2 protein chains.
Amino acid sequence: MQEGRISESIEDYLGRLKSRGFRLTNQRRVIVETLLRNLGTHLNARELLELAQQEDPSIGIATIYRTIELMNSLGMLNMVNLEEGFLRFEVPDERMHFHVFCRSCGKTVHLPDEDTKMADVRKWAGAEGFELLPQTFEMAGLCRECREDGVLEEPLLVGGGRRRCRRGRCGRMKQ
Amino acid sequence: MQEGRISESIEDYLGRLKSRGFRLTNQRRVIVETLLRNLGTHLNARELLELAQQEDPSIGIATIYRTIELMNSLGMLNMVNLEEGFLRFEVPDERMHFHVFCRSCGKTVHLPDEDTKMADVRKWAGAEGFELLPQTFEMAGLCRECREDGVLEEPLLVGGGRRRCRRGRCGRMKQ
DNA sequence: TTCGATGCAAATGGTTTGCATGCTT
DNA sequence: AAGCATGCAAACCATTTGCATCGAA
């Protein structure tokens with residue numbers, strides 16, 4: 001995203017806060033700016049804190065969470081759960097995103113043809129009277145390599161012990 | 001599910017554990033049985049513990065989590081995140097499920113034609129070399145009633161305070 | 001000046017883990 | 001008997017909250 005569009009978006013986002021009666025603090029400016037400058041990546045709370053602190057070192061983690069909650073309640077931010085033990089955040093843009101991740105090795109792929117897929121999904125929800133909000137869909141699967149490795153078929157018990165988790169976190173579920 | 005199919009499934013699930021070298025303990029039997037007897041509902045860890053303890057009061061919460069992790073790592077159980085502050089669990093069946101929930105009022109609808117949708121989604125992932133695992137997709141949207149109420153357009157600030165969350169939990173994100 | 005917003009640190013609570021013991025194989 | 005599985009309780013750690021203070025309007 002070019003600088004021009006970023007500052008334009010920042011003003012747009014801040015304006016949405018202002019019009020609803022919320023105050024425009026420097027912390028909120030910095031957090032919104034950080035989110036918009038990192039549109040491609042899904043930051044988690046800690047990463048967002050560290051980046052924001054480069055702009056304003058006084059920002060604390062509580063403000064990060066409170067701002068995230070505020071923006072989420074206004075539909076200005078989505079939460080993304082990649083089953084890592086914490087959440088990530090994204091500023092929704094006009095399109096939706098479709099990710100597939102491998103439950104064995106963790107590899108994640110961004111699916112193409114988002115507009116086509118978005119139209120399909122909107123039609124599904126529309127048939128029930130729902131209008132979908134911009135969001136990212138996460139689908140769990142197995143990548144070709146892991147299938148060829150026989151991840152699910154081969155016994156997990158090798159040499160007397162449970163085989164180590166290839167994803168490095170062995171089914172952690174803490175969110 | 002009739003009794004016959006349940007005990008059949010239990011044996012199937014326990015057999016999958018055994019064939020991979022895991023021991024068949026009474027706790028695992030009870031937990032698997034509890035999950036299968038409650039196929040429609042998505043139990044969380046505490047609910048699963050309470051139900052399992054009706055069969056075997058000695059079962060502890062740690063065993064619940066360890067069994068869940070084991071089954072999940074074997075692809076025998078999915079985690080469901082309904083943004084409640086904890087996870088729920090489901091035993092995957094052959095088909096996938098597609099839910100739309102209203103981000104304003106929380107209403108959830110189970111979409112029809114699962115087989116058609118499943119075929120579409122599988123094709124999307126297959127194009128990138130992934131094979132999808134059975135799972136439930138959650139899509140966030142706005143229902144017709146809430147759109148007509150103008151949820152997103154009206155200012156959230158009414159009478160000097162933040163309007164109460166219509167979904168009752170106002171953006172909690174703790175998982 | 002008012003009172004919403006923040007930083008700090010403590011609290012929360014779902015989930016994980018260390019360790020002695022139990023039980024399947 | 002060997003060693004995986006369990007119960008218990010303590011530890012973890014992302015997120016939330018109380019409170020004194022700051023600062024936008």
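Naming convention: chains lettered A, B, ... in sequence-line order (proteins, then strands); numbering from 1 in each chain. The basis for the numbers below is simple: all heavy atoms, side chains too, and nothing from hydrogens, waters or symmetry mates. Predicted model, so just to flag it, every value in this text is computed and none were measured.
- One atom, CG of B/Asn26, and another, P of C/dC23, lie 10 Å apart when rounded to the nearest Å.
- Here the C1' atom of nucleotide C/dT25 and the CZ atom of B/Arg20 are 19 Å apart, to the nearest Å.
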Exercise for review: Show your reasoning for whether side chain to side chain contact (heavy atoms under 4.5 Å, CB included) applies to B/Arg28 and B/Thr63.
Suggested key: CA-CA 8 Å; B/Arg28 285 176 177 166; B/Thr63 299; over 6 Å; no
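- OP1 or OP2 of C/dT6 sits under 4.0 Å from a side-chain N or O of A/Thr25.
- The aromatic ring centroids of B/His42 and B/His97 lie 6.0 Å or more from each other.
- Taking for each of A/Arg88 and B/Ser58 the nucleotide of DNA chain D with the nearest heavy atom, the 5'-most of the two is the partner of B/Ser58.
- At a threshold of 4.0 Å, the pair A/Arg37-A/Glu33 counts as salt-bridged, since one of the basic side-chain nitrogens sits closer than that to a carboxylate oxygen.
- Phosphate contact (OP1/OP2 of C/dC23, side-chain N/O of B/Arg23, threshold under 4.0 Å): absent.
- Checking D/dT16, C/dT6, C/dT16 against every side-chain atom of B/Tyr65, the shortest atom distance belongs to C/dT16.
- Taking atom CG on B/Leu48 and atom C1' on C/dT15, their separation rounds to 14 Å, with Å as the unit.
- A/Arg46 has its CZ atom 8 Å from the C1' atom of D/dA14, to the nearest Å.
- Here C/dC23 presents its P atom at 10 Å from CG of B/Asp56, a figure rounded to the nearest Å.
- Phosphate proximity of C/dA5 to A/Arg66: absent, as no side-chain N or O sits under 4.0 Å from OP1 or OP2.
- We find that CE of B/Met71 is positioned 16 Å from C1' of D/dA5, with the value rounded to whole Å.
- Between B/Ala62 and A/Arg28, the residue anchored closer to the 5' end of DNA chain C is A/Arg28, taking for each the nucleotide with the nearest heavy atom.
- Along DNA chain C, the nucleotide nearest to B/Asn44 and the one nearest to B/Leu24 differ in position, and the one closer to the 5' end is contacted by B/Asn44.
- Relative to the side chain of A/Phe86, the nucleotides C/dT17, D/dA14, C/dA5 differ in distance, and D/dA14 lies closest.
- Between the C1' atom of D/dC4 and the CG atom of B/Leu17 lies a distance of 13 Å, rounded to the nearest Å.
- Listed pair B/Gln27 / D/dG7 meets the phosphate criterion, a side-chain N or O lying under 4.0 Å from OP1 or OP2.
- In this structure, B/Leu70 atom CG and C/dT16 atom C1' are separated by 16 Å, rounded to whole Å.
- Separation of atoms CD (B/Glu114) and CE (B/Met96) is listed at 10.5 Å; rounding is to 0.5 Å.
- Under 4.0 Å is where a charged nitrogen must lie from a carboxylate oxygen, and between B/Arg144 and A/Glu128 no such pair does.
- The residue B/Ile61 sits apart from the nucleic acid: no heavy atom pair falls under 4.0 Å.
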